[in-house]
Amino acid sequence: IVPDGELRWMGARRTENLLTYSEDFSNAVWTTLSAPTLTTGVEDANGGLTAVTATATAAFQNFRHVNLVGEIGRTYLSTAYIRRRTGTGDITFTTARNLVTAITVTDDWQKISVLSAPLDNTIIYYLITITTAGDEIDVCFPQIEDVTNQSIKTAAEYIPTTDAPVTKWFDTAQPTA
């Protein structure tokens, strides 16, 4: 919905990052289960220092954003940039509906996106798990978007947040043929 009096180009896309503190992994909304070590202030995919390194000191360690409440029947897109520092073990990304997706992680930054929709509860999970002790990954630019009824269900440009979700309009062109 475009606010009254605000001009938008036909095809503008409204995007909202629902995750709070998306660049502050030391904030209490980011919790660890099974206690991986998190190192903040790591170089991110754009050369800044907003990424975090997660080091698994035992098998199946993970970190997550504290339970975000969504709506049953809506579609959410969870995104992060991830790269591997050390190891070869599996990495998984858990999202809405407790959907666990195995992801292939290399030593180059990769944009990982998973679509999901809560069916029986309203919890949207944002959980990254390192399955092998000693493995390390870097994570930056975490984002969850509500893409319900959007014709474009790919991840939008990253929107940093602090204590509240942030909305931004993106004016994009789509080919007609």
Side-chain angles (χ1 to χ4, degrees), residues 17-70 75-147 153-163 165-166:
N17 186 354
L18 299 170
L19 289 178
T20 55
Y21 298 99
S22 64
E23 295 184 345
D24 184 1
F25 293 96
S26 65
N27 189 280
V29 299
W30 290 98
T31 62
T32 57
L33 304 171
S34 308
T37 302
L38 298 182
T39 305
T40 58
V42 175
E43 185 176 3
D44 61 43
N46 290 340
L49 297 174
T50 64
V52 63
T53 297
T55 304
T57 56
F60 293 96
Q61 293 191 324
N62 53 59
F63 68 101
R64 67 180 181 149
H65 194 279
V66 174
N67 299 331
L68 181 66
V69 177
T75 302
Y76 296 92
L77 182 65
S78 300
T79 305
Y81 280 78
I82 302 176
R83 72 175 171 191
R84 185 180 297 278
R85 282 190 171 264
T86 63
T88 58
D90 292 336
I91 308 297
T92 62
F93 196 1
T94 305
T95 58
R97 205 176 77 221
N98 208 17
L99 176 68
V100 179
T101 302
I103 54 176
T104 301
V105 180
T106 68
D107 60 355
D108 293 318
W109 284 109
Q110 300 163 264
K111 189 175 191 177
I112 307 296
S113 297
V114 178
L115 272 173
S116 57
L119 294 178
D120 54 0
N121 66 49
T122 57
I123 302 299
I124 304 172
Y125 295 94
Y126 193 97
L127 178 93
I128 298 171
T129 303
I130 306 169
T131 62
T132 305
D135 282 11
E136 290 183 320
I137 61 169
D138 291 340
V139 178
C140 66
F141 309 146
Q143 183 157 295
I144 292 181
E145 305 169 50
D146 182 344
V147 294
K153 289 191 177 7
T154 57
E157 183 179 320
Y158 168 68
I159 305 168
T161 65
T162 54
D163 62 346
V166 174

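Values reported hereafter were calculated over all heavy atoms of this structure, with side chains retained and with hydrogens, waters and symmetry mates removed.
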(request) Check Ser113 against Thr79 and note the closest heavy-atom contact, atom names and distance. (result) OG-OG1, 3.1 Å

(request) Would you check if Phe93 and Leu127 make a side-chain contact, meaning some heavy-atom pair closer than 4.5 Å? (result) no

(message) As a quick check of understanding, evaluate side chain to side chain contact (heavy atoms under 4.5 Å, CB included) for Thr95 and Tyr76, giving each step before the final call.
(response) CA-CA 9 Å; Thr95 58; Tyr76 296 92; over 6 Å; no

(request) Enter the distance from Leu49:CG to Cys140:SG here, rounded to the nearest 0.5 Å. (result) 11.0 Å

(message) Side chains of Val114 and Leu99, heavy atoms from C-beta outward: is any pair under 4.5 Å?
(response) yes

(message) I need the minimum non-hydrogen distance between Val139 and Ala80, along with the two atoms involved.
(response) CG1-CB, 4.2 Å

(request) Run the salt-bridge test on Arg85 and Asp107 with the 4.0 Å N-O cut-off and return the result as yes or no. (result) no

(request) Of all the heavy-atom pairs spanning Phe141 and Ala45, show the shortest one and how long it is. (result) CE1-CB, 3.8 Å

(message) Within the 4.5 Å heavy-atom criterion, are Thr53 and Ile137 side-chain neighbours or not?
(response) no

(request) Nearest 0.5 Å please: distance from the CH2 atom of Trp30 over to the CZ atom of Phe63. (result) 6.0 Å

(message) Within the structure provided, determine whether Asp135 and Arg84 are in side-chain contact (heavy-atom separation under 4.5 Å).
(response) yes

(request) Would you check if Ile130 and Asn62 make a side-chain contact, meaning some heavy-atom pair closer than 4.5 Å? (result) no

(message) Given 3.5 Å as the limit, does a donor-acceptor pair link the side chain of Thr92 with the main chain of Thr101, or not?
(response) no

(message) Looking only at the aromatic ring of each residue, does the gap between the centers of Tyr158 and Tyr81 stay below 6.0 angstrom?
(response) no

(request) Mind listing the closest non-hydrogen atom pair of Ala156 and Glu145 along with its distance? (result) N-OE2, 3.0 Å

(message) The test is side chain to side chain contact (heavy atoms under 4.5 Å, CB included); show your working for Ile103 and Ile82 and say whether it passes.
(response) CA-CA 10 Å; Ile103 54 176; Ile82 302 176; 3.6 Å; yes

(request) Assess whether side chain to side chain contact (heavy atoms under 4.5 Å, CB included) is satisfied between Thr57 and Thr37, documenting all intermediate values. (result) CA-CA 7 Å; Thr57 56; Thr37 302; 3.8 Å; yes

(request) To the nearest 0.5 Å, tell me how far Ile128 CD1 sits from Ile112 CD1. (result) 9.5 Å

(request) Starting at CD of Glu157, measure out to CG of Asn17 and round the result to the nearest 0.5 Å. (result) 12.0 Å

(request) Report yes or no: does Thr129 contribute a side-chain atom to a donor-acceptor pair with the main-chain N or O of Thr131 at less than 3.5 Å? (result) no

(message) Determine whether Leu115 and Val147 satisfy the following criterion, side chain to side chain contact (heavy atoms under 4.5 Å, CB included), listing intermediate values before the conclusion.
(response) CA-CA 9 Å; Leu115 272 173; Val147 294; 3.6 Å; yes

(message) Looking at Asp138 and Arg83, is there a salt bridge between them, counting it only when a charged N and a carboxylate O are closer than 4.0 Å?
(response) yes

(request) To the nearest 0.5 Å, tell me how far His65 NE2 sits from Ile124 CD1. (result) 10.5 Å

(request) Can you see which heavy atom on Val166 is nearest to which on Pro160, and at what distance? (result) CG2-O, 3.7 Å

(request) Indicate whether the side chain of Thr40 and that of Ser26 have a donor and an acceptor atom separated by less than 3.5 Å. (result) no

(message) I need the minimum non-hydrogen distance between Phe25 and Thr50, along with the two atoms involved.
(response) CE1-O, 3.5 Å

(request) Calculate, to the nearest 0.5 Å, the distance between atoms OG and CD belonging to Ser22 and Gln143 respectively. (result) 7.5 Å

